[in-house]
Protein chains: 2
Amino acid sequence: MELAAAKLKFIEAWGKLGSEWGINRTMAQVHALLLISPEALTTEEIMEALSISRGNANMTLRDLIGWGLIEKQHKAGERKEYFFADKDVWNISRQVAKERKKRELEPVLKVLNELSTVVGDEKDPEFKTFKKSVSDINKLALNVDKTLETMLKAEESWFWGSVLKVFK
Amino acid sequence: MELAAAKLKFIEAWGKLGSEWGINRTMAQVHALLLISPEALTTEEIMEALSISRGNANMTLRDLIGWGLIEKQHKAGERKEYFFADKDVWNISRQVAKERKKRELEPVLKVLNELSTVVGDEKDPEFKTFKKSVSDINKLALNVDKTLETMLKAEESWFWGSVLKVFK
DNA sequence: ATAAACTTTCAATAATTATTGAAAGTTTAA
DNA sequence: TTAAACTTTCAATAATTATTGAAAGTTTAT
């Protein structure tokens, strides 16, 4: 396969995966583009490479910065802003985990906590089933939360290969 | 909090979480409803509880069966079909992991594999960066795949509490 | 056979989400 | 200052995704 075709395929696949996981397709594509680019790119170059508008490019780049996945760079003597992606897959994983934990897991934990204060008749099957399900999900969510916490604290990756030990 | 209010809140929260992770909001809500229901419910009851149409209920229930999260039940002497959700959180987790692995991870692994056959100039930074990123992501994806594989094989859950050991 | 009870389908429609593009805003150099 | 270079905003529009509801299909009992 040729490099040019491979790049397109990678960008497309990354965009599709993103959209399946609730991440804007264009955002995933811009990230993919920067991931395989050795140099930082300008907004113009990104617009051109992905055939997207200036407004879309600007908002998407801002979101990616908000996710901690890319950063702005400035070149001496130039007004233009350049964008560069961290290429370290471990950093990327941690960053995504960190953001989703904050944006999604924590709000859910809060709700589950409130729901565990529900009052009712201990003999009522409706009540018992509700409490049991909420409590079980709460336990799972707390475990996931603690695991992510540990993952975020890890400065380097023991990730490669060691994850397998979990279920031994 | 009252049980009725708590149920609504749980269904709403579950639906929101689902939609943030690329799962149809209604599907997540129907699953939530069945998760907290001690008895199997009919299509009519589900339509009524969530104010959704017959068509929507039917398709959503079919999808949930496709994800292996609920099953049909028949009661003696009745024509109606009843739907019941597995309440075991470990089973649910495994089932979701299994489906997403099959539907999303495996296709991505296939693409990454194809992309690793790219040919080009080893001195070209564009080529080098592409290969490095694809290769790193491939390694991560393979690890995730193997981890899920192990998780799926585990008959019971060592999950509770033990996940934390990964990053020790 | 037929009709009631129930389920499925799918074209039309609604709701949501993403994108555009031009105007407004900002920064820098002269 | 001012004007060119560049970035940001956001109302309008497009694209995508979800939902409806009525007709068609199926099964069962008689």
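Side chains included, hydrogens not; waters and symmetry mates left out as well; all remaining heavy atoms used. Each chain gets a letter, A, B and so on, in the order its sequence line appears, and its residues count up from 1.
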Practice problem: Quick one: do A:Glu12 and A:Lys16 satisfy salt bridge (Lys or Arg N to Asp or Glu O under 4.0 Å)? Show the steps, please. | Solution: CA-CA 6 Å; A:Glu12 193 194 346; A:Lys16 180 150 177 284; over 6 Å; no
Quiz prompt | Steps toward salt bridge (Lys or Arg N to Asp or Glu O under 4.0 Å) verdict (A:Glu149, A:Lys146) | solution = CA-CA 5 Å; A:Glu149 201 57 58; A:Lys146 273 191 285 182; over 6 Å; no
Practice problem: Evaluate the criterion salt bridge (Lys or Arg N to Asp or Glu O under 4.0 Å) for residue pair B:Glu106 and B:Lys101; output intermediate values, then yes/no. | Solution: CA-CA 6 Å; B:Glu106 281 167 18; B:Lys101 170 166 146 46; 2.8 Å; yes
Quiz prompt | Step-by-step side chain to side chain contact (heavy atoms under 4.5 Å, CB included) determination, A:Trp21 to B:Arg100 | solution = CA-CA 10 Å; A:Trp21 284 82; B:Arg100 297 206 89 149; 3.5 Å; yes
Quiz prompt | salt bridge (Lys or Arg N to Asp or Glu O under 4.0 Å) between B:Lys7 and A:Glu126, intermediate numbers included | solution = CA-CA 10 Å; B:Lys7 282 178 176 176; A:Glu126 295 282 330; 2.8 Å; yes
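Regarding A:Met59, its CE atom lies at a distance of 15 Å from the P atom of C:dG21, rounded to whole Å. One interatomic measurement links the two molecules: NZ of B:Lys72 to P of C:dT7, which rounds to 8 Å at whole-angstrom precision. At whole-Å resolution of the value, CD1 in A:Ile65 and P in D:dT7 are 11 Å apart. The nearest whole Å value for the distance from the CG atom in A:Asn24 to the C1' atom in D:dT17 is 14 Å.
Figure legend: cation-pi geometry between B:Lys87 and B:Phe84, with NZ or CZ positioned under 6.0 Å from the six-membered ring centre and within 45° of its axis.
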Tabulate atom names and distances for all N/O pairs under 3.5 angstrom spanning the protein and nucleotides 1-6 of chain D.
unit_1: D:dA5; atom_1: N3; unit_2: A:Arg79; atom_2: NH2; d: 2.8

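Only A:Arg54, A:Gly55, listed by number, bring a heavy atom of residues 39-56 of chain A to less than 4.0 angstrom from any atom of DNA chain D.
Comparing A:Ser19 and A:Phe83, the nucleotide of DNA chain D nearest to each residue sits closer to the 5' end for A:Phe83. Map A:Tyr82 and B:Ile23 each onto its nearest nucleotide of DNA chain D; the residue landing nearer the 5' end is A:Tyr82.
Surrounding CD of B:Glu2 are at most 12 heavy atoms belonging to other residues, nucleotides or ligands under 6.0 Å away.
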Quiz item: With Watson-Crick and G-U wobble geometry limited to distances under 3.5 Å, how should the secondary structure of DNA chain D be encoded in dot-bracket form, using | for bases paired to another strand and [ ] for crossing pairs?
Solution: ||||||||||||||||||||||||||||||
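Between B:Asn58 and C:dT8, a side-chain N or O to OP1/OP2 separation shorter than 4.0 Å is present.
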